[in-house]
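Below: the structure, in structure tokens.
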Amino acid sequence: MVKFVSEKIRKKSGARLASVQAVYMAGFSGLSVDEVVEDFVRGDVGRYAIEEDCFNGEEMVELAEIDKPYFEKLVKGILSKKEDLENSLRVYLKDGGSYDYMNATMQALLLCAIYELNYTVEVDKKVIIQEYVDLAYAFFTKNEPKMINALLDQISKNVRI
């Protein structure tokens, strides 16, 4: 059975994926926030992904169009509040310093998720959590998605009623 997903929802999901990539890129590229956003909006970056095919190995596939205004809102908001978001994440982690030892993709994903939980009240918290857990499965294969689910659930109980 195929699930129906509206174009609007698909574009928002794409914006979330692109925002994780952009936050990661901003941390390592030396580019300004505006340059990173512009690269994604123009399609210079983030247009393709590697997809594994059990028969043919890996292939490059073009990603669907993203909700560009939402993407820009996320990336600029996250990066403008990055220090506050990082400090907030440290409070929720069992070992406050463990955030500093996470890989950069995990950090970017958590920054995006906690930003949405805190600053985008028009999206239900369960939707946000599910979207980022799904993204975690795209990036990680071990226990990370379960940890992200538990962490975001705990955070959402404190930042959303």
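Positions are given from 1, in the same order as the sequence printed here. These numbers come from the heavy atoms of this one structure, side chains and all, not from hydrogens, waters or symmetry mates.
D153 and K125 are not joined by a salt bridge, as no carboxylate oxygen comes within less than 4.0 angstrom of a charged side-chain nitrogen. Ion pairing between a basic and an acidic side chain is recognised when a charged N comes within 4.0 Å of a carboxylate O; E72 and K68 show no such pairing. With respect to the salt-bridge test (charged N to carboxylate O, under 4.0 angstrom), the residues K73 and E122 qualify. Between E131 and K12 no salt bridge is recorded (no basic side-chain N to carboxylate O distance below 4.0 Å).
Here the side chain of S88 pairs no donor or acceptor atom with the backbone of L85 at under 3.5 angstrom.
Taking 4.5 Å as the limit, every side-chain heavy atom of L111 sits out of range of all side-chain heavy atoms of Y115. Side-chain contact between I148 and M106 is present, with heavy atoms from C-beta onward closer than 4.5 Å.
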Checklist entry - Passes side-chain contact (heavy atoms from CB on, under 4.5 Å), K11 versus F71? Steps please. => result CA-CA 9 Å; K11 285 182 177 184; F71 163 76; over 6 Å; no
Item to check | Trace of the side-chain contact (heavy atoms from CB on, under 4.5 Å) decision for I78 with E116 | outcome: CA-CA 9 Å; I78 292 159; E116 273 203 85; over 6 Å; no
Next on the checklist: If you apply the rule side-chain contact (heavy atoms from CB on, under 4.5 Å), what do you find for L117 with L152, and how did you get there?
Outcome noted: CA-CA 8 Å; L117 286 170; L152 295 181; 4.1 Å; yes
Checklist entry - After noting the C-alpha distance and the side-chain angles of D34 and K76, does the key distance pass the salt bridge (charged side-chain N to carboxylate O under 4.0 Å, His left out) rule? => result CA-CA 8 Å; D34 290 332; K76 288 184 175 184; 3.2 Å; yes
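Residues C112 and V23 approach most closely at SG-CG2, 3.9 Å, considering heavy atoms. Contact between L74 and A15 at its shortest, heavy atoms only, is CD1-O, 4.3 Å. Residues L79 and A26 come closest through the heavy atom pair CD1-CB, 3.7 Å.
Partner M25 forms a side chain to side chain contact (heavy atoms under 4.5 Å, CB included) with one of L31, V75, V20 and no other, that one being L31. A side chain to side chain contact (heavy atoms under 4.5 Å, CB included) with P145 is found for exactly one of Y132, F140, F139, namely F140.
V33 and Y24 are assigned to two separate hydrophobic clusters, defined by single-linkage of ILVMFWY side chains at heavy-atom distances under 4.5 Å. Transitive grouping of hydrophobic side chains (ILVMFWY, heavy atoms separated by less than 4.5 Å) brings V123 and L109 into a common cluster. Residues V133 and L110 fall within the same hydrophobic cluster, defined by Ile, Leu, Val, Met, Phe, Trp and Tyr side chains chained together at heavy-atom separations under 4.5 Å.
Side-chain N/O atoms of Q154 and N158 include no donor and acceptor closer than 3.5 Å.
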